[in-house]
Amino acid sequence: MPIATKGAVKNLTAGELKEIGAEIILGNTYHLWLRPGDGLIKRAGGLRKFMNWDGPILTDSGGFQIFSLGAKAKSKYGKSGVKITEEGVEFSDPLNGEKYFMPPEKSMDIQLNLGSDIVMVLDECPPYPCSRDYAKKSMERTTRWAVRCKKYLEAHTDSKNRPLLFAIVQGSVYEDLRKESAKQLTKIGFDGYAIGGVAVGEPREKMSEILGWVLPLLPEDKPRYLMGLGKPEEVVKAVEAGIDMFDCVIPTREGRHGRLFLRKSKLQIQNIKFQTKAETQISKSKIKIKEEFFYETINIGNEKYKEDFLPIDKNCDCYTCRNYSRAYLRHLFNVGEPLAARLASIHNLKFYLDLMKELRCG
RNA sequence: GGGUGGAUGGCAGAGUGGCCUAAUGCACCUGACUGUAAAUCAGGCGUCUUCGGACUUCGGCGGUUCAAAUCCGUCUCCACCCA
């Protein structure tokens, strides 16, 4: 899912997203609640109409902001802008300091107003590292919140027009907690199950382990969604483990920052190397490992592309690669033309969506 | 022709005796980015280096001084003003 946090995949129109092959996008409850407001979006006819996107939309609940706003405010101002109680979460708008209170029911209410097709339960991504004690408390609260979300949704919609509700497995890096979370949520019953906290708090090396604990416990006939990931090799690894859905800012953010993804070879699942930290540390053989990868990245701003008139990726059929050279893209980045970010985002999203297509269809 | 003020690293521009390889900004080079407070952030940017340091820079040349980008003389160039 390309990410449209504030109601737009940065730099791209809905039409461009379609052309790239996007089938579903992600919006954010928290951001759209603050600006322009879920009431306004409802009056506009819902988020889909508002942003001219005719496909499905999944909305994140605001749970991630408990993590990201809290941590960032803490590192910047010494105190977190976020307060969590059993009742819900209090946020401070980082732009103007204004306080907002979001109980799970409020998150549901906003997501209904947005007209989302898949709504996420309000959850907490515990910070990392995190004591077992806190991870347990946090996970149990997330589960209680999930129940409240489900109840609210059932009380305020009828089954005919009710959006799908996905729960989120938490539990930090503790096997028993992760498993307990998965079991409890499955027992309660949701339309899909997400795994949270892996992308952001917890060390990336833990991903495979956590997926190994959790996925066998989740129903196979329901979508399983790994939140926030990831790098291409992580996505491949996660699909191997059984994950069906992803969202990640990497293609768009890194694209805006001038890093482009290039496909090197077709996937041969059994041969894919998962780059662990240990492997990265073997600096001598790093290049060799990288060559075994099915992709590579380039920083298009690098001087060596100054007179490189080839397309970004000669095997890519995205709009950018069909029409522009590396030298031109580098030039756009260097002079700060907004078109740079747009062309790079188009290319990177196409890279990711093509990768997913290949994982689906072989 | 006369007068005044200037010349600082790729550019702009601080610094008017030692703490100056010389602030700051721009440009340039490299890297990071994982449910987007990110068109952001970090590092580098005289030369060489066994990474401890060594050497060389503030228009040119020559002085003063223990010590000069900073003071003095002179030359070159630039800007403005008067004729």
Side-chain angles (χ1 to χ4, degrees), chain A residues 1-12 25-32 34-35 58-77 80-82 91-98 107 118-125 128 166 168-170 194-207 225-235 237-238 243 245-261 280 297-306 330 332-345 348 352:
Chain A
M1 293 180 280
I3 300 192
T5 298
K6 302 175 192 172
V9 172
K10 294 188 193 303
N11 293 297
L12 301 189
I25 59 173
L26 178 146
N28 194 295
T29 302
Y30 170 78
H31 298 260
L32 294 168
L34 266 59
R35 280 171 288 266
L58 178 148
T59 43
D60 191 16
S61 59
F64 177 67
Q65 277 62 47
I66 301 175
F67 171 86
S68 66
L69 264 46
K72 281 171 185 166
K74 205 163 190 176
S75 69
K76 216 166 179 179
Y77 310 115
S80 169
V82 170
F91 295 101
S92 289
D93 183 342
L95 294 180
N96 59 22
E98 196 174 338
S107 178
I118 302 175
V119 311
M120 300 302 300
V121 301
L122 185 66
D123 70 321
E124 182 195 0
C125 298
Y128 185 86
F166 282 23
I168 304 173
V169 175
Q170 289 289 357
I195 294 160
V198 178
V200 281
E202 288 131 40
R204 222 50 53 72
E205 310 90 79
K206 286 272 175 189
M207 184 193 88
Y225 162 29
L226 183 55
M227 302 188 81
L229 263 78
K231 288 187 179 176
E233 67 272 22
E234 293 168 336
V235 167
K237 197 76 184 172
I243 292 290
M245 299 170 65
F246 300 89
D247 73 284
C248 192
V249 302
I250 284 179
T252 43
R253 181 185 291 165
E254 297 203 5
R256 285 196 304 285
H257 297 168
R259 174 181 278 179
L260 302 168
F261 289 79
T280 313
T297 60
I298 63 171
N299 278 353
I300 195 64
N302 285 9
E303 196 164 27
K304 60 183 168 186
Y305 302 115
K306 197 168 191 170
R330 175 187 136 87
L332 294 183
F333 270 105
N334 282 333
V335 297
E337 281 293 340
L339 183 58
R342 179 174 184 164
L343 294 176
S345 297
N348 280 354
Y352 265 81

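Just so you know, these numbers come straight off a predicted model, no measurement behind them. Lettering follows sequence order; numbering is per chain, from 1.
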**Q** B:A38, OP1 or OP2 - any side-chain N/O from A:K6 closer than 4.0 Å?
**A**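 Yes, within the criterion.
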
**Q** Map A:V9 and A:G336 onto RNA chain B by nearest heavy atom, then report which one ends up closer to the 5' terminus.
**A** A:V9

**Q** Looking at every strand, decide which applies to A:L69 at a 4.0 Å heavy-atom threshold: base, sugar-phosphate, or nothing.
**A** sugar-phosphate

**Q** Base, sugar-phosphate, or nothing: which does A:N28 touch, judged by heavy atoms less than 4.0 Å apart?
**A** sugar-phosphate

**Q** Would you measure the distance from the P atom in B:C41 across to the matching atom in B:C26 and give it in whole Å?
**A** 11 Å

**Q** Checking side-chain polar atoms at under 3.5 Å, does A:N348 have a donor or acceptor matched by the opposite partner on A:E254?
**A** no

**Q** With rounding to whole Å, what would you report as the distance between B:U64 and B:G10 at their C1' atoms?
**A** 35 Å

**Q** Answer whether the closest heavy-atom distance between the side chains of A:M207 and A:L226 falls below 4.5 Å.
**A**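 Yes; the side chains approach each other to less than 4.5 Å.
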
**Q** With a 4.0 Å cut-off on heavy atoms, is A:I168 in touch with a base, just the backbone sugar-phosphate, or nothing at all?
**A** base

**Q** Between A:R253 and B:A39, is there a side-chain N or O to OP1/OP2 distance below 4.0 Å?
**A**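 For A:R253, the contact criterion (side-chain N or O under 4.0 Å from OP1 or OP2 of B:A39) is not met.
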
**Q** Verify whether one side chain among A:Y305 and A:N299 offers a donor that lies under 3.5 Å from an acceptor in the other.
**A**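 The answer is no; no qualifying pair exists.
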
**Q** Look through every strand shown and name the nucleotide pairing with B:U56 as Watson-Crick or G-U wobble, where both distances are under 3.5 Å.
**A**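 With both distances under 3.5 Å required, B:U56 matches none.
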
**Q** Report yes if the ring of A:H31 lies under 5.5 Å from the six-membered base ring of B:U36 with planes under 30°, and no otherwise.
**A**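 A:H31 vs B:U36: stacking no.
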
**Q** Taking the side chain of A:F64 as its heavy atoms from C-beta onward, which of B:C29, B:A37, B:A39 lies nearest to it?
**A**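 Nearest to the side chain of A:F64 among the choices is B:A37.
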
**Q** If I pick the C1' atom on B:A14 and the same atom on B:C20, what distance separates them, to the nearest angstrom?
**A**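 Result for the C1' pair: 12 Å, nearest Å.
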
**Q** For the P atoms, the ones on B:U21 and on B:G2, what distance do you get once it is rounded to whole angstrom?
**A**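 About 41 Å, rounded to a whole number of Å.
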
**Q** I'd like to check A:M227 versus A:F64 (side-chain heavy atoms, cut-off strictly below 4.5 Å). Are they in contact?
**A**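 No - every pair of side-chain heavy atoms lies 4.5 Å or more apart.
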
**Q** Counting only side-chain heavy atoms from C-beta out, which of B:U30, B:A32, B:A37 sits nearest to A:E303?
**A**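 Looking only at side-chain atoms, A:E303 lies closest to B:U30.
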
**Q** Should A:R259 be listed as having a side-chain N or O under 4.0 Å from OP1 or OP2 of B:U30?
**A** no

**Q** Could you tell me how far apart A:N334 (CG) and B:C26 (P) are, to the nearest whole angstrom?
**A**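 Whole-Å distance recorded here is 15 Å.
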
**Q** If the C1' atom of B:A69 is compared with that of B:U65, how far apart are they to the nearest Å?
**A**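 That atom pair is separated by 16 Å.
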
**Q** So which nucleotide from B:U40, B:U36, B:C29 ends up closest to the side chain of A:R256?
**A** B:U36

**Q** What is the distance, to the nearest angstrom, from the NZ atom on A:K306 to the P atom on B:U30?
**A**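 About 10 Å, once rounded to whole Å.
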
**Q** Tell me the partner of B:A38, counting only Watson-Crick (N1-N3 plus N6-O4 or O6-N4) or G-U wobble (N1-O2 and O6-N3) with both under 3.5 Å; none if nothing fits.
**A** none

**Q** Parallel, tilted or perpendicular: which describes the rings of A:F261 and A:Y352, with under 30° parallel and over 60° perpendicular?
**A**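 A:F261 and A:Y352: perpendicular rings.
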
**Q** Does A:T252 get its side chain close enough to the base of B:U36, under 3.5 Å, for a donor-acceptor pair?
**A** yes

**Q** Does any part of the side chain of A:D123, heavy atoms only, come nearer than 4.5 Å to the side chain of A:S61, both counted from C-beta?
**A**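 They are in contact (side-chain heavy atoms under 4.5 Å apart), so the answer is yes.
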
**Q** When rounded to the nearest Å, what value does the distance between P atoms of B:C19 and B:C58 take?
**A** 15 Å

**Q** Closest to the A:H257 side chain: B:U36, B:C33, B:C28?
**A**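 In terms of side-chain proximity for A:H257, the closest of B:U36, B:C33, B:C28 is B:C33.
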
**Q** Hey, which sits more toward the 5' end of RNA chain B by its nearest nucleotide, A:S61 or A:N299?
**A**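 Nearer the 5' end of the strand: A:N299.
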
